[in-house]
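Values reported hereafter were calculated over all heavy atoms of this structure, with side chains retained and with hydrogens, waters and symmetry mates removed. Residue numbers start at 1 and run along the sequence shown.
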Amino acid sequence: MCARCHSFARVGLQRRGEEEWRKLVNMHVGQWPTIEYQMLSRDRDWYEEALGPVSKTLASLYPKNSKAWGEWVKAKKPNPEGRWRVVTYMPGRGPDHSYIDGISNITSKGDDGYDIAYEVAQDGNNVLAGKSSSMIYTGYEWRGTGKFDGRTFREVATVSEDGETLSGRWFWSDAPELGGYIQAVRMDRNVSRIMGINGEAVKRGETATVTVLGVGLSGDVDLGAGLTVETVSATPEKIVLRVSAAADADIGRRDIKVGKTQKASAVSVYDEIQRVEITPDYAVSRVGGGGGHLAPVSAQYEAIAWHNGKDGKPNTKDDFRIGAVAADWHTEPADENAVRMKDHLFAGKITPQGLFLPSPAGPNPQRIFGAGNLGDLHVIATVSDGDKDVVGKARLIVTAQKWNNPPIY
């Protein structure tokens, strides 16, 4: 009844009594009068079913007045004011800079509103300052807007029930497909936590730089047998290590310990890259600009190296992720028609960081039939490992602008 137009998650997010569900039915009929004559409506008495058994069932499944609602109303909501450690995973930045980290200070401005001041480190000591302003809905749901270097970004995150952590995503308002995955932990508590690792892979017989990001970090660092650890620099928020792997060190994912704090499967030890997977394995990009009002939509890819484990077979339980790796990127036509149309020459280009940038919108007189710059492509990542190259492949559809961009459905 509902899911022919919406994802059912859209329905499951609602909480109403039976009468309110009936009002929602009437709103639909008033707003979209043809709803009763569309497919999956005209073969039944849609209106009477919606007002009767459907509204009754939805009120039973998703009532407003429930035990959970009563407990939530009475629960004391967390106050996020204070100093937070922020670590954000940014796809496409390379294995040594996948995480950016910083500090945020959150202050209340009343009525569930907050101001946030950021100091974020990029590529070592390059500190970027930014500010944002947010509202917290339902006591936990964080929605913010801010600026870094004059460019507007959005925040969508959730505060934990105990108010100790915050997690979610931030993205550019003019390019919402690009952003990072946020995690934040209060710094004004006696907490020790490892939040991210830059340089997560160490090859047998070689030395690598591993940077541990977190809060309240102190004590000796241990990565297990076969790995020698030298501390280059250390603060409670960041520890830089030189890690050497013995030629016979056991391969696989390793736990890391910093004093009494531990993070499972944080670092990999490997002998060779056996396959490369590209994330995402399927993406949609959209042409834009070209004198029009809609901006292009890009696609960010990342090459992830894998080992097939002791059985030597891919996609089995003993496989382990080596980590994000640098790659040489290019695109190829995905099928015969794409070859004929030379899609890889017209649809756009991919940067050394795996970011696909689509071509301008509109007809292109250089193409067959004067077609636009749409395309069906394979994205190829070539990773060098010693004297061999390992190749990964993903799919990319470069399509037209999306003129109607509704809210969640």
Side-chain angles (χ1 to χ4, degrees), residues 1-70 72 137-138 141 143 154 156 158 168-169 171 173 175-177 280-288 290 292-299 334-338 341 343 347 358 361-363 369-377 394-409:
M1 185 65 73
C2 303
R4 69 189 177 93
C5 295
H6 304 282
S7 70
F8 200 73
R10 177 71 169 178
V11 182
L13 287 169
Q14 312 299 311
R15 295 295 183 270
R16 292 179 170 85
E18 187 173 337
E19 187 58 33
E20 285 295 322
W21 282 110
R22 291 195 182 98
K23 288 180 180 179
L24 186 66
V25 172
N26 285 320
M27 182 277 289
H28 278 69
V29 175
Q31 190 73 26
W32 299 283
T34 61
I35 194 171
E36 290 190 85
Y37 304 102
Q38 297 170 5
M39 186 179 292
L40 301 180
S41 289
R42 59 180 178 264
D43 61 338
R44 68 201 70 189
D45 191 348
W46 184 91
Y47 184 65
E48 291 302 322
E49 283 193 29
L51 284 180
V54 172
S55 292
K56 187 178 292 293
T57 300
L58 289 171
S60 175
L61 290 172
Y62 309 115
K64 178 180 178 181
N65 295 316
S66 64
K67 180 181 178 181
W69 169 252
W72 182 88
Y137 297 92
T138 76
E141 293 303 317
R143 301 293 182 270
R154 312 284 189 198
V156 177
T158 301
R169 183 172 182 266
F171 51 90
S173 62
E177 70 275 16
D281 59 1
Y282 176 91
V284 174
S285 177
R286 296 180 184 274
V287 297
H293 295 292
L294 293 182
V297 177
S298 57
D335 56 25
E336 291 183 2
N337 186 61
M341 294 295 293
D343 286 353
F369 315 122
N373 290 316
L374 311 187
D376 189 355
L377 302 173
R395 190 70 176 273
L396 172 64
I397 302 297
V398 184
T399 188
Q401 302 100 312
K402 189 175 184 180
W403 298 99
N404 181 17
N405 195 21
I408 297 172
Y409 276 95

> How close do L374 and A400 get, heavy atom to heavy atom, and via which atoms?
Replying inline: CD2-N, 3.6 Å
>> If you define the side chain from C-beta out and look only at heavy atoms, does anything of T399 sit under 4.5 Å from V284?
In response: yes
> Between P358 and V297, which heavy-atom pair has the shortest distance, and what is it?
Replying inline: CG-O, 3.4 Å
> More than 12 heavy atoms of other residues, nucleotides or ligands under 6.0 Å from CE of M27: is that the case?
Replying inline: yes
> What distance do D335 atom CG and L377 atom CG have between them, rounded to the nearest 0.5 Å?
Replying inline: 9.5 Å
>> With a 3.5 Å distance limit and no angle check, can you tell me whether R15 reaches the backbone of K64 through a side-chain donor-acceptor pair?
In response: no
> Which distance, rounded to the nearest 0.5 Å, do you find between the CG of L61 and the NZ of K56?
Replying inline: 13.0 Å
>> Working to the nearest 0.5 angstrom, can you tell me the gap between R16 CZ and N65 CG?
In response: 13.5 Å
> Atom CG of L24 and atom CD of Q31: how far apart are they, to the nearest 0.5 Å?
Replying inline: 11.5 Å
> Going through the checks in order, is the side-chain contact (heavy atoms from CB on, under 4.5 Å) test met by C2 and R10?
Replying inline: CA-CA 9 Å; C2 303; R10 177 71 169 178; over 6 Å; no
> Are side-chain heavy atoms of L51 and Y47 found at a separation under 4.5 Å?
Replying inline: yes
>> Among residues at least two apart in sequence or on other chains, which ones pass salt bridge (charged side-chain N to carboxylate O under 4.0 Å, His left out) with R22?
In response: E18, E19
> What heavy-atom pair brings V287 and Q401 nearest, and what distance separates the two atoms?
Replying inline: O-CG, 3.3 Å
> Once the angle between the rings of H6 and H28 is folded into 0 to 90°, is it parallel (under 30°), tilted (30 to 60°) or perpendicular (over 60°)?
Replying inline: perpendicular
> Which heavy atom of S66 sits nearest a heavy atom of P63, and at what distance?
Replying inline: CB-CG, 4.3 Å
>> Whether the side chain of S285 engages the backbone of A299 through a donor-acceptor N/O pair (distance < 3.5 Å, no angle test) should be reported.
In response: no
>> Nearest 0.5 angstrom please: K402 NZ to R286 CZ, how far?
In response: 5.5 Å
>> Testing the basics here: between S55 and A50, what is the closest heavy-atom pair and its distance to 0.1 Å?
In response: OG-O, 2.6 Å
> Would V11 and L58 satisfy side-chain contact (heavy atoms from CB on, under 4.5 Å), going step by step from the backbone distance to the final call?
Replying inline: CA-CA 9 Å; V11 182; L58 289 171; 3.8 Å; yes
>> My understanding is that only residues two or more places apart in sequence, or in another chain, count here; which of them pass salt bridge (charged side-chain N to carboxylate O under 4.0 Å, His left out) with K23?
In response: E20
>> Could you work out, with salt bridge (charged side-chain N to carboxylate O under 4.0 Å, His left out) as the rule, every residue matching R395, not counting sequence neighbours?
In response: D376
>> Rounded at 0.5 Å granularity, tell me how far OG1 in T138 sits from CH2 in W72.
In response: 5.5 Å
>> How close do W46 and M1 get, counting heavy atoms only, and between which atoms?
In response: NE1-SD, 2.8 Å
